[in-house]
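The figures here come from the full heavy-atom set of this structure, side chains too, leaving out hydrogens, waters and symmetry mates. Just so you know, ligand 1 is whichever comes first in the structure, and atom 1 is the first atom listed for that ligand.
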Amino acid sequence: MSIQTNLTKILDEIPQHVKLVAVSKTKPPSDIMEAYNTGHRYFGENKVQDLTAKQAVLPTDIQWHFIGHLQTNKVKFIAPFISLIESVDSLKLLKEINKQALKNDRTIDCLLQFHIAKEYEKFGLDMAEAISLLESNDYAEMQNIRINGLMGMATFTDDMEVVSREFKVLKSYFSRIKTEYFPDQESFAEISMGMSGDYQPAIHEGSTMVRIGSLIFGERKKSD
Ligand SMILES: *Cc1c(COP(=O)(O)O)cnc(C)c1O
């Protein structure tokens, strides 16, 4: 199957209000161009070096999403162009994003990443950490970031009951944070959940954004 066929098939299958981020990590620019040529513009990368290398050679109207663990000392490399940072998992990181956004005279859209999986090694905030971030003076003073919702990764398992339960938890966090902290911010609307193996239950549980890699571009060699 070609990249174009795979992409079109998924776009036909998911509801229109659900955004598709084509996760192109480890894949070459030529693969991204195949998807781009169907009209697709949303792509996700999880490593700063790979992202900047690809961004430099690909069309400027691509909307790049950063979906991996982001080190504060690397924010400056993506701040000029990044469309959405989906993986904000600390106040320290958000402060640095705000600082670099200011330097670039722009606002950077972000999602708060939550830890909802059983796997210990996955990154993300818990509810208490998110609340302390949102109630901090530092956050109150940030002028150059905008939080548009939450992101989370479910446990890597075939057990869709486990996965659905975790997505439900993320959805409930979203509702609570929306009500308590963003009732008047229309742009706080995104729940980014669902990948190749679990996007269907994710959409069922209320996902507004799915991040799909291997189903579009084929299996990756490493499991990252
Ligand atoms: C790799 C990755 C994806 C896509 O994974 P697939 O299983 O290939 O669809 C989605 N989200 C994040 C955060 C990832 O790192």
Side-chain angles (χ1 to χ4, degrees), residues 1-11 13-14 18-28 31-32 34-35 40 42-52 54 62-71 74-75 78 82-90 93 97 109-125 148-160 162-164 166-167 169-171 173-174 190-224:
M1 289 278 234
S2 74
I3 290 169
Q4 299 205 345
T5 315
N6 297 338
L7 183 62
T8 309
K9 200 165 149 257
I10 296 165
L11 282 170
E13 186 192 321
I14 65 177
V18 176
K19 298 178 192 80
L20 172 62
V21 180
V23 176
S24 48
K25 61 188 187 189
T26 78
K27 301 295 177 182
D31 282 7
I32 297 173
E34 269 194 57
H40 197 73
Y42 300 96
F43 293 90
E45 290 282 338
N46 69 339
K47 295 211 163 73
V48 168
Q49 260 193 322
D50 293 349
L51 172 54
T52 53
K54 291 176 192 180
I62 288 181
Q63 309 254 319
W64 293 104
H65 288 205
F66 194 80
I67 60 169
H69 184 61
L70 182 55
Q71 289 171 285
K74 293 192 176 162
V75 174
I78 62 170
I82 198 72
S83 168
L84 180 67
I85 298 176
E86 297 202 21
S87 45
V88 174
D89 58 2
S90 72
L93 176 59
I97 295 169
D109 287 333
C110 298
L111 304 180
L112 296 179
Q113 180 173 358
F114 273 75
H115 186 272
I116 54 169
K118 292 214 178 71
E119 292 118 330
Y120 175 72
E121 62 277 12
K122 281 186 176 149
F123 290 99
L125 302 159
N148 285 350
L150 312 184
M151 186 271 254
M153 284 166 93
T155 302
F156 187 71
T157 170
D158 290 335
D159 188 342
M160 288 301 132
V162 169
V163 165
S164 293
E166 292 170 352
F167 289 148
V169 169
L170 188 62
K171 170 75 199 257
Y173 290 166
F174 171 85
E190 303 295 352
I191 310 175
S192 175
M193 56 186 190
M195 320 190 346
S196 291
D198 58 18
Y199 71 95
Q200 285 151 329
I203 291 170
H204 186 76
E205 300 303 338
S207 171
T208 66
M209 190 178 277
V210 292
R211 311 175 308 272
I212 298 184
S214 38
L215 266 190
I216 298 170
F217 297 104
E219 294 295 328
R220 292 176 299 273
K221 296 208 180 67
K222 296 179 294 169
S223 65
D224 63 357

### Nearest non-hydrogen partners of Q63 and S83, listed with the distance
OE1-OG, 3.2 Å

### Task
List the atom of F217, the atom of S24, and the distance in Å for their closest heavy-atom pair.
CE1-CA, 3.8 Å

### Query
Any donor-acceptor pair under 3.5 Å linking the side chain of R211 with the backbone of G44?
no

### Region of R220 engaging ligand 1 - heavy atom pairs below 4.0 Å
side chain

#### Entry: Nearest option to atom 5 (O) of ligand 1, as decided by whichever heavy atom of M195, E86, E45 sits closest
M195

### Query
In this structure, which one of V169, I191, L112, T208 forms a side-chain contact (heavy atoms from CB on, under 4.5 Å) with F174?
I191

### Task
Say whether S2 and T5, considering side chains only, have a donor N or O and an acceptor N or O under 3.5 Å apart.
yes

Only heavy atoms of [X], strictly under 4.0 Å: list the atoms of ligand 1 that pass.
{"X": "S196", "result": "6 (P), 7 (O), 8 (O), 9 (O)"}
{"X": "I212", "result": "9 (O)"}
{"X": "M153", "result": "13 (C)"}
{"X": "R211", "result": "4 (C), 9 (O), 10 (C), 11 (N), 12 (C), 13 (C)"}

#### Entry: G213 N/O under 3.5 Å from ligand 1 N/O
yes

### Query
Parallel under 30°, tilted from 30 to 60°, perpendicular over 60°: which one fits the rings of H65 and Y42?
perpendicular

#### Entry: Contact check, L215 vs ligand 1, heavy-atom distance below 4.0 Å
no

